[in-house]
Amino acid sequence: MAKKPSIPKGTRDFSPAEVARRNYIIQTIKKHFETYGFQPIETPSFENSETLMGKYGDEGDRLIFKILNSGDFISKVDDVTYSSKDSVSLTPKISEKALRYDLTVPFARYVVMHQNEIDFPFKRYQIQPVWRADRPQKGRFREFYQCDADVVGADSLIQEVEFVQLYDAVFTDLGLKGATIKINNRKILSGIAEVIGAKHLLVDFTVALDKLDKIGEEKVKVEMVEKGISEGAISKAQPLFEMKGTATEQLEKLKSILADSEVGMLGVSELEEIISTVDMVGLQSASLQLDVTLARGLNYYTGAIFEVAAPEGVKMGSIGGGGRYDDLTGIFGLKDVSGVGISFGLDRIYLVLEELNLFPDSLDTSLDVLCLNFGKKEGTASLKLVSGLRKQGLRADLYPTDTKVQKQFKYADKRGVPYVILLGDQELTDGKFVVKNMKTGDQKDYSLDAIQEFVEKLKSEF
RNA sequence: GUGGUUGUAGCUCAGCUGGUUAGAGCGCUGGAUUGUGGUUCCAGAGGUCGCCGGUUCGAACCCGGUCUUCCACCCCA
């Protein structure tokens, strides 16, 4: 007997009910992507390793799933490399392809490869799985979906504003009230690093600062010192630890800190414009919040940075993120193409909606009508009736065998079918069929010659 | 990648300091109910206790390894 089958760590199977819920989220996101003028593209699930490697930092490289070469790949490795047992030098010799780690880098590759066919500004969206060789936790998988929307070839800040609106539109539509869209600007972080004289340690500085909410001021400072940032520099950055109040107040504070930094002041004015414009257009259910500690690990961001936190009380990592990257395509040889984009974390949004019980009940219904089967003659008549209902766009099915009516009813009940049709010998001779409402238990006759009457009634109840 | 945690029936979990045929609830199957589900009653099926190895007269329980789950780091959606 074969061993019990299993699936790899961090992967999942999805049942019909789960797929229905996932599709509901995807459809909602897709709908809003399209109303904002984005067009879909798809890219391969695996890319050449060199396309991905080095784009996400050392940590990212470690988390990229590598694909072994085909054929007798070991024999092609030279003896020196082989016997060195060094993974870093051996890996490129035995693996030339890797699974996609996110959708942004493949998109940048796409833009460069298709630059002559693309009409800029190019607004694309992409909903596909990505893979990370991470250690799984709750809301953290090795295979998960990202839903990305990006614009390239337009450096207007209106894009940033639109992305904030887009986040708001999607979360409002999903019934997820109180999502917080946190915003910051990489230029502000650069400016701060410049002002405190720790420019070369920008990444370490921001990574440490990012943890302020989680580990507190003292520990952040300890980490900064460990990374080689001087005490003097840290004390100059002190106002950052005391950023409170409204966005306007925080911006004023930043202006005084960053007065001597050109890049920093640019960041402040960009943020100011985005925030005031969002203020004017207004948001439905989400809130926009300036958060100077927001860093985001990905190194390619150069301007605005976004991150979306689930409503208060839900313990979940960020459910979306994004930002502006002025030179992502530069690494593939296409200069001066500015891009901005955001991403929705489908799997985490799912968990949040589930926790808050926000999935519509209608998703549980996968069949509108089930016709019971009473035998050969009745079955044939039923099939005709069911076909008629299907042509009207109803999800209708005929129970395939004429087993006990009780059993057929139980099946209907478990499938959550709202209406059951009975078309037996008696009904057939009378030229009618009986419809039972499974919720109320009421039964009603309809003429077989006028199924339209039944269809109308059903549709009016949806 | 580091440290910890978890795994017993389809599901949620009991199972004493190691002791004989491993339990419950829910679910499932059949019947009460030969054209009426969701309630009720009765009966029944279902487990090499994650896997491999070790200690022991004896292991679900102890030890080692491995896989999985979840958690804290790292990082991130």
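Note: hydrogens, waters and symmetry copies are ignored here, and every other heavy atom, side chains too, is used. Labels below follow one simple rule: chain letters A, B, ... track the order of the sequence lines, proteins then strands, and each chain is numbered from 1.
Taking the C1' atoms as reference points, B:rC75 lies 13 Å from B:rU2, given to the whole Å. For B:rU48 and B:rC52, the P atoms lie 12 Å apart once the distance is rounded to whole Å. Rounded to a whole angstrom, the distance from the P atom of B:rA14 to that of B:rG53 is 28 Å. Only the C1' atoms considered, B:rA77 is 44 Å distant from B:rA59, to the nearest whole Å. One C1' atom belongs to B:rG4, the other to B:rU69, and the distance between them is 13 Å to the nearest Å. With both ends at atom P, the span from B:rC51 to B:rG7 equals 13 Å, rounded to whole Å. Going from the C1' atom of B:rC62 to that of B:rU55 covers 8 Å, rounded to whole Å. Spacing of C1' atoms, B:rC28 relative to B:rC11, comes out at 11 Å, to the nearest Å.
Within 4.0 Å of A:Q146, counting heavy atoms only, lie sugar-phosphate atoms of the nucleic acid but no base atom. In this structure, A:G57 reaches neither bases nor backbone, as no heavy-atom distance under 4.0 Å exists between it and the strands shown. Residue A:G10 is in sugar-phosphate contact alone, with no base atom involved, counting any heavy-atom pair closer than 4.0 Å across all strands shown. Within 4.0 Å (heavy atoms only), A:S343 reaches no atom of the nucleic acid at all.
For A:R348, the side-chain atoms get nearest to B:rA77 when compared with the rest of B:rC71, B:rG1, B:rA77. Distances were taken from every side-chain heavy atom of A:R132 (C-beta onward) to each of B:rG1, B:rC70, B:rC76; the shortest belongs to B:rC76.
Residues of residues 168-178 of chain A having a heavy atom closer than 4.0 Å to RNA chain B: none are found.
Under the 3.5 Å distance criterion, with hydrogens and angles disregarded, a donor-acceptor pair is assigned to the side chains of A:D148 and A:S343. In the model, A:Q137 has no side-chain atom that pairs as donor or acceptor with a side-chain atom of A:R135 under 3.5 Å. Using modelled atom types, one finds no donor on one side chain facing an acceptor on the other under 3.5 Å when comparing A:Q128 with A:S45.
Taking atom CG on A:D13 and atom C1' on B:rC11, their separation rounds to 16 Å, with Å as the unit. Summarising the geometry, the separation between CE on A:M316 and P on B:rC70 is reported as 11 Å, rounded to the nearest angstrom. Atom NZ in A:K211 sits roughly 13 Å away from atom C1' in B:rA72 (whole-Å rounding). Spacing between atom CZ of A:F306 and atom P of B:rA77 amounts to 14 Å, rounded to whole angstrom units. Atom CZ in A:R142 sits about 15 Å away from atom C1' in B:rC75, given to the nearest Å. The interatomic distance linking A:D148 (CG) with B:rA77 (C1') rounds to 10 Å, in whole Å. Rounded to whole angstrom, the span from the NZ atom of A:K138 across to the P atom of B:rA72 amounts to 10 Å. As rounded to whole Å, 16 Å separates atom P of B:rC75 from atom OH of A:Y301.
Applying the salt bridge (Lys or Arg N to Asp or Glu O under 4.0 Å) test to every pair with at least one member in residues 375-389 of chain A, sequence neighbours left out, gives these pairs: A:K377-A:D425. Listed by first then second residue, pairs satisfying salt bridge (Lys or Arg N to Asp or Glu O under 4.0 Å) with a partner in residues 338-360 of chain A read A:R12-A:D347, A:R21-A:E354, A:R22-A:D347, not counting sequence neighbours.
For A:A154, the side chain to side chain contact (heavy atoms under 4.5 Å, CB included) partners at least two apart in sequence or on another chain are A:P121, A:V151, A:Q159. Applying the side chain to side chain contact (heavy atoms under 4.5 Å, CB included) rule to A:P92 yields no partners; only residues at least two apart in sequence or on another chain are considered. Take A:D430 and apply the salt bridge (Lys or Arg N to Asp or Glu O under 4.0 Å) test, not counting sequence neighbours, and it matches no residue. With sequence neighbours excluded, the residues forming a salt bridge (Lys or Arg N to Asp or Glu O under 4.0 Å) with A:R395 are A:D368, listed by chain and number. Residues forming a salt bridge (Lys or Arg N to Asp or Glu O under 4.0 Å) with A:E34 (at least two apart in sequence, or on another chain): none. Residues satisfying the side chain to side chain contact (heavy atoms under 4.5 Å, CB included) criterion with A:T401, sequence neighbours excluded, are A:Y399, A:T403. By the side chain to side chain contact (heavy atoms under 4.5 Å, CB included) test, A:I74 pairs with A:Y82, A:I94, sequence neighbours left out.
Between A:D134 and A:R142 there is no salt bridge, since none of the side-chain N atoms of the basic residue sits less than 4.0 Å from a carboxylate O of the acidic one.
RNA chain B forms stems at B:1-4 with B:70-73, B:10-13 with B:23-26, B:28-32 with B:40-44, B:50-54 with B:62-66, each a run of 3 or more consecutive Watson-Crick or G-U wobble pairs whose two key distances fall under 3.5 Å.
Within the structure, a side-chain polar atom (N or O) of A:K9 is placed less than 4.0 Å from OP1 or OP2 of B:rU68. Between A:Q137 and B:rA72 there is a side-chain N or O to OP1 or OP2 distance below 4.0 Å.
Along RNA chain B, the nucleotide nearest to A:A133 and the one nearest to A:K214 differ in position, and the one closer to the 5' end is contacted by A:A133.
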Where protein sits on nucleotides 31-37 of chain B, one letter per nucleotide: B base, S sugar-phosphate only, - none, heavy atoms under 4.0 Å: S-B-BBB
Evaluation steps, salt bridge (Lys or Arg N to Asp or Glu O under 4.0 Å), between A:D397 and A:R415: CA-CA 11 Å; A:D397 206 2; A:R415 280 285 304 264; 5.1 Å; no
